[in-house]
Each structure stands twice: as C-alpha cells, then as structure tokens.
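Hydrogens, waters and symmetry mates are skipped; everything else that's a heavy atom, side chains included, is used.
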There are 2 protein chains.
Amino acid sequence: MATIYDVAKKAGVSPKTVSRVLNGDAPVNEKTREAVHAAMAELNYIPSSAARSMRSQKSGLIGMITGAISASPSAAEAIGLPEIFLVQGVQRVLAENGMTLLISDTGGHRDRVPTLIKTLLEHRVEGLIYVAEWHQEVDFAGLLGGRHAVLVNCFDSHGTPSVVPDDEGGQHALVSALVARGHRRIAFLTLPESLVARGLRLAGYRRALGEAGIAYDDDLVVTAAISDPAHEFDYLWDALDRVLNLDPKPTVICCANDKMAMRVYALLRDRGLKVGEDISVAGYDDYRIITEHIDPALTSAELPYAAMGMRGAEKLMRLIGGTTRPNEPLKELVSGPLAWRHSVKDLKETVTSFKTRRRDL
Amino acid sequence: MATIYDVAKKAGVSPKTVSRVLNGDAPVNEKTREAVHAAMAELNYIPSSAARSMRSQKSGLIGMITGAISASPSAAEAIGLPEIFLVQGVQRVLAENGMTLLISDTGGHRDRVPTLIKTLLEHRVEGLIYVAEWHQEVDFAGLLGGRHAVLVNCFDSHGTPSVVPDDEGGQHALVSALVARGHRRIAFLTLPESLVARGLRLAGYRRALGEAGIAYDDDLVVTAAISDPAHEFDYLWDALDRVLNLDPKPTVICCANDKMAMRVYALLRDRGLKVGEDISVAGYDDYRIITEHIDPALTSAELPYAAMGMRGAEKLMRLIGGTTRPNEPLKELVSGPLAWRHSVKDLKETVTSFKTRRRDL
DNA sequence: CGGTGTCGTGACATCGGTGTCATAACGCCG
DNA sequence: CGGCGTTATGACACCGATGTCACGACACCG
C-alpha cells in the first residue's frame, strides 16, 4: 500500500502538505493541490485510518452488539429476521455521519457479551449500540468501559439511554381502530407473561377499551403463546377455543404476533369461519412477508425496527457529539404505523363486496 | 484510555515486556508476568488495535458489502430478510478466526459500492466479502484494490472466488422427491426469465424428470413472477389457471418461492381445492416463518443462506492464510436440504389420515 | 574454567498519519 | 520603508504498539 510519504515524494512536497490536501484544514496552493491529487491517483493512495485514528484518537467506528443477527443456533427460526431492519436503520444514520459499523454477534450466548465488548473497545469504537432480540430489561452497565452507549429494543435500570418500541401505544392504536369499525367484543391472545411487551400491550388494549367506554372482560384475554420456542403454539387451539365459546362471541381476534395470526387463520378455517367475513383477525409486528401475502391480507401494528435503529443511532451520535437535546428523554418510545388490511371487517359498513375484496388482494 | 506505557510504569517494567506478556511471544518471568497482569487489571488496560495493526500491518478486520441488509428503500419487503442468516454464517466463522466484521451497506444503491470499498480499505480490511441480494452475475474486479475477496450469492467472469447456491441441485432434489411419491404431472411456476436462478432451477427440474423417464411438457412450465416487485404476482392467477386447465391435470404445483406458494394456497382454496389432498404444492427457499406456520405446512427446498455465509467466510480465511486447497473450486456450489411437509400428498400411500395431518401441524 | 546456549529484559527504531511550531514570501498599512 | 497579517510550506515530535538488536545472568558442556 502506498503511504503518505510515497505521495509526498512523487508530488515533490512534504507529507504534511499531502495531509493538508487530504483534510483541507489549511490553505494549499492550487498547483500544489493538483500535483498531490495526481500523485494520489497514480499511486492509488488510500489513507490508513489506523494511523489517523492513532493520532487523532478518533476511530470513526461504532460497535454494535446483537443477538438479533444470529438467531440462537438451536431455535433457528425463533427470533431474528425483521430485526435486520434495525441494523439497516443504524447503518443508514451512521453512514450519514461518516461512521463505520463494527458488528459483533452473541450467537445466542449472552455470556459472550463481555468478550465482544472488549474486542470492540480494542478497536476504539466511539460508541456502542446493544440490540436485544426482543423488548426486555438488560444489565450491562460496568461492561461498557465508559463509552457512550445506547440500548435498543431494551433498557436497564442504571440510566443508560435506550430506545424501545411503544408497545402500549401500538396496541392502543390497533384496538382503537377496531373499535372505530364497530368492534366491541375484542379477544386478545397474548404473549407469555414473562415478556415486557405483554404487559404493555395489555395496558394499551385496556386503555383503548376504556376510552371507548367498553368494559374490560377478563375472559377475552388469554395467554396463547409459550416461551419455549419448540412449543410456542401448543396451547393456541385451546386459547382460541375458549374465546370463541364465549357469549357473546368476540367479533375480532387480536393475536400477539403475525405468526400466531397465521396459525389462527388455519384454526378458524377448520371451524368453518371465514376470516374477514365471519370473524376478524389482527396481528402484531407487521411482518410483511406474512401480512401482505396471506389471504386475506392481515391487519397488523408495525413493530418499527428500522425506526428504532435510526433513533438509536441518532441518539448515539448526539451523545458522542455532546449535542444531546436539553429535554431529551433517557428512554425513547418509538411508535409504528397501523397497517390496515382485509382481515378485519368493518362492522359499520353496510355492504361488503366480496368481489372487491378478492381483487384487492 | 491507559496505554502500554502506563502499564509498564505501574508494573515497573519496560513497555516491551508488557507487550511480551500480552502476546506470549517470548519467555517472561512468572513474577514479572503477574505484576504486569495486576497492572493491566488495575488500569483497565485494553490494547489499541490501531497501534498494533499499524506495526504489524494486520487489522484483524474483514469487510462485508451488501445490499442484503438494507432492502431497497422503495421495495422494503421485496428482498432481504433471510439473507441475514448469511451474515450470521459469516460472523460465526470470522469469530472463530479472531476476526471482526466491518459491515457496509449499499442501501440498495449499487453505485455506492466503490465508496464503500474505499472506506473498508481505509480500515485496511484483510479481506472483502460481497453479498448479493439474489443469485446473479456482478462485476467489481478492479475495485477491490488487490485485496482478497469472495463473492457470495453471486459470481463474476474475472475469476473472483465465489460461493453460490446450488439452484439446479435443489430443484432436482425437490422434483425427484415428488416423483418418488408418485407425482408425474408436475407443474412449475417459475421466476422471471432474467434471473440466473430460473435457468438453473429449470435445468434441475428437467434433469429430475429425465432421470425418471418422464417426458418434459412445456405447457407445465409457466413464468409466474414479474421482476417489478410492485407487480410481482400480477400474472400468478393466470399462470395457475393455465396449468390447472391442462389435461391431464398436474398433481403438484412447484412454486418459485414460498411467498408465491402462499399466494397459490389462497388461489387454490378459491377454486375449492384442498392443498395436500386434492392437489399438492411445493415452494422454494424454505422460509420457515412461512413454511412451518402456514396450513398445511409447506414442502420446500432450503436456500442455504447460513451455509453460504460460512462457506464464503471459510474460503476467504483460506485465501488470506494462503491455505487454499489444491483442487479448491473457484465457484463453490452450496446445497440445501429438502424440507418435506404436508403440502405434498404421497400418491403411493393408500390411506391418508386426515386427523393425523391436522394434529401434526 | 572459558565457550556456548537459553532465559529475561530493555533501548531504540518504526508503522503512517497529524498537531505544533518555525519560516519564508508576499501584500498592505501608516 | 519598517512592521504586520496572511498564505504556503516544511521540520519535527508524537500517537501506542511491536520488531530488532543488544546485554547481563545463569546453566551446561567439554
């Protein structure tokens, strides 16, 4: 590799002058500049960021630690996938700020995190982003080596800045929209009790009902997913059966996520019920490969991964730049849009044209 | 940050001795070593890889360029997603080799690649991995700055080492398995003609038929997907209609991918056909979030993303280490397993138990 | 007991940039 | 015409590691 000395010699100037041309931090004579540029082009010169960062103490690197990329080796399909949009969001913001992303992956082993952080610190990352596989509380304070850090899709109790999805708001928006279409008996098949998202979504559900003056009915809310990915939906049939046997029946089934909704479609079909006509279904996550291609297309609340990534990266940039806004919240809630599709019937619409529906798909 | 000099001073030795303790490249007295370790721990010392790589000319970094992470900004759902497993595979191998992954993303803009490569070269990556969004031919020779590089999910005509999916083999295995279950009229709804994978899969389809002594019937093969993601499946209804009206009818529909199969499920249901009983369906990709949760579960050929990532990274490690195997192929084909599920009926089985099917789901 | 080899250690240069300071040429002001 | 500010450039040290070489202390050999 050519060095700045090679360029200097070829252009007949001092290395420092080449440096000035590179960084534009001091005036350089037009002719000199051209000579330097020519020399750089000819030698195919690319400055070494290692050398530069040694002197300037700035690496231009941001480290990201995640288990979101490598789903756990055993449960390959369990987690993962849409979280990639999160990486994308982070990447986009960093690129705009001239930063490069260093990625480390836990491979599903949380206990590797200290080692990974150490590697990132060796590269003198200017900031760290930890991304969790799902909305949860974590505890890494102390490991961070004093670096600026942001938690994404998770939070801690040590005051580390974080960015989390607005689960409460998302479920609230979804249920409110259902109510607006005339639904009043809204079943809710929830996530396992251990998950943070479950509590928040349930709160959103209750708030939406409350605002509409609908009494909360405990029978309509059933835990339908199990934490163990191998048995995730083992109780789904039973959970659905319970809410369908209620009197009065629910007119819509809110599912904890789109995968569950996909299963519910099949179970409802087995019972002779047509989704979107005899009964409505809504999901969560807006995992488009499901929601847009299933029939009928699934109404869902988007879990805003890309936006969380961007918000997290922006927050980190502000931390590093010392431009944190005066009243910037420590924990940022990120909302996602509602994707309204044909799986939910509008009970206030007088006529439903079957033909229209099918063609829209 | 503490430096090696700080540690040396605190331990009462020379920096070089600290270096020796760190790298274990020369004998150090037991007591000295302990003193150094104590000093490092106390100062929370983490060596600077920038300084180290300057001296040793080794960065310990591998650069990856991809559009697979950021699906194109417009067609958010079009590409992407499972390709993340590819990143996972790469990561895993690199971690085993003590390398760190630098990720750059095109954000869907192919013309950013030169800039991204330049950034990676500034960080003196020891090797480059280019990952394409789908199996295709590319042309980056010349941009690579003489660095070791491997193309994944793509190839070029300049002799750059590459790793690609065995599309021909995958489709061949799938169709052979169908034939083994007694299917002889096998419809094939294919990808757009422009795609490399289409030709390969078609070849695999034909080879499987040939081996079984089944004549190739042009009418059974219909292009059913369009390149424009906004209109991807606009012709699907028509394509399916054509093959279903053939005489004799096909007993199984091979779809170009799982998304298409999902659509086909709905279209078949509209026609009153029960998938897995009246007619069989197979997909491609084995995108598990679809294949395992749809009803009936979808038979599919896996597009082995994780394996491709690992193979690509391993190839790169061998290139860098100069341990390329004597007869190592320039272009490696990666095969994936067949995921056999209930969407395909076994025509050689006398009785099909409906109850069993449903419970298995 | 002198020669040779291994162990244990440090001085010093070096990797490729950039910060600091010095210097020279030039134009402008009073 | 002397003093001063600006422009343009270079000499030199330094960032934090490691490679090279040298040196002293022993142990072992003949």
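- Regarding contacts with the backbone of D/dG10, a side-chain N or O of A/S14 is found under 4.0 angstrom from either OP1 or OP2.
- For the pair B/E332 and B/R318, the salt-bridge criterion is met [side-chain N within less than 4.0 Å of a carboxylate O].
- Using a 4.0 Å heavy-atom criterion, one finds that B/V13 contacts the sugar-phosphate atoms exclusively.
- Here the side chain of A/R124 pairs no donor or acceptor atom with the backbone of B/A50 at under 3.5 angstrom.
- Proximity of A/Y45 to the phosphate of C/dG17: a side-chain N or O atom is located under 4.0 Å from OP1 or OP2.
- Remark: P of C/dA11 and NZ of B/K16 are 13 Å apart, rounded to the nearest angstrom.
- Among C/dT18, D/dC15, C/dA13, the nucleotide with an atom closest to any side-chain atom of A/M54 is D/dC15.
- With A/Q88 contributing its side chain and A/A306 its backbone, the two residues share no donor-acceptor pair below 3.5 Å.
- Spacing between atom NZ of A/K58 and atom C1' of D/dC15 amounts to 15 Å, rounded to whole angstrom units.
- Distance CE (A/M40) to P (C/dG17): 11 Å, rounded to an integer number of Å.
- Residue B/A51 has its side chain nearest to D/dA17 when only C/dT18, D/dA17, C/dG10 are considered.
- Atom CG of A/L43 and atom C1' of C/dG16 are 15 Å apart (whole Å).
- Residue B/M1 contributes atom CE, which lies 14 Å from atom C1' of D/dA17 at whole-angstrom precision.
- If you measure from atom CZ of A/R124 to atom P of D/dC15, you get 14 Å, rounded to the nearest angstrom.
- Set against D/dG16, C/dG10, C/dT18, the side chain of B/R20 has C/dG10 as its closest nucleotide.
- Distance from the side chain of A/Q57 is smallest for D/dC15 among the nucleotides C/dT18, D/dT18, D/dC15.
- Across the strands present, C/dT20 finds its partner in D/dA11; the criterion is a Watson-Crick or G-U wobble pair with both atom distances under 3.5 angstrom.
- Nearest heavy-atom pair across A/T3 and A/Y45 is C-CE1, 3.5 Å.
- Look at A/N29 and you won't find any side-chain N or O under 4.0 angstrom from OP1 or OP2 of D/dT7.
- At C/dT9, one or more side-chain N or O atoms of B/T32 fall inside 4.0 Å of OP1 or OP2 (strictly under the cut-off).
- Of the candidates A/H148, A/K315, A/K58, A/I320 forms a side-chain contact (heavy atoms from CB on, under 4.5 Å) with just one, namely A/H148.
- Between the CZ atom of B/R55 and the P atom of D/dC14 there is a distance of 18 Å, given to the nearest Å.
- When the side-chain nitrogen and oxygen atoms of A/S19 are compared with OP1 and OP2 of C/dT18, one or more of them lie within a distance under 4.0 Å.
- In this structure, the CD1 atom of A/I4 is 17 Å from the P atom of D/dC12, given to the nearest Å.
- Between A/Y130 and A/F140, the angle of the ring planes lies from 30° to 60°, which puts this pair in the tilted group.
- Comparing C/dG16, D/dG19, D/dA17 by their closest approach to the side chain of B/D25 singles out D/dG19.
- Between C/dG10 and B/T17, a contact under 4.0 Å exists linking OP1 or OP2 to a side-chain N or O.
- At least one side-chain nitrogen or oxygen of B/R52 sits closer than 4.0 Å to the OP1 or OP2 atom of D/dT18.
- For the pair B/S56 and A/V28, nearest-nucleotide mapping onto DNA chain D gives the more 5' position to A/V28.
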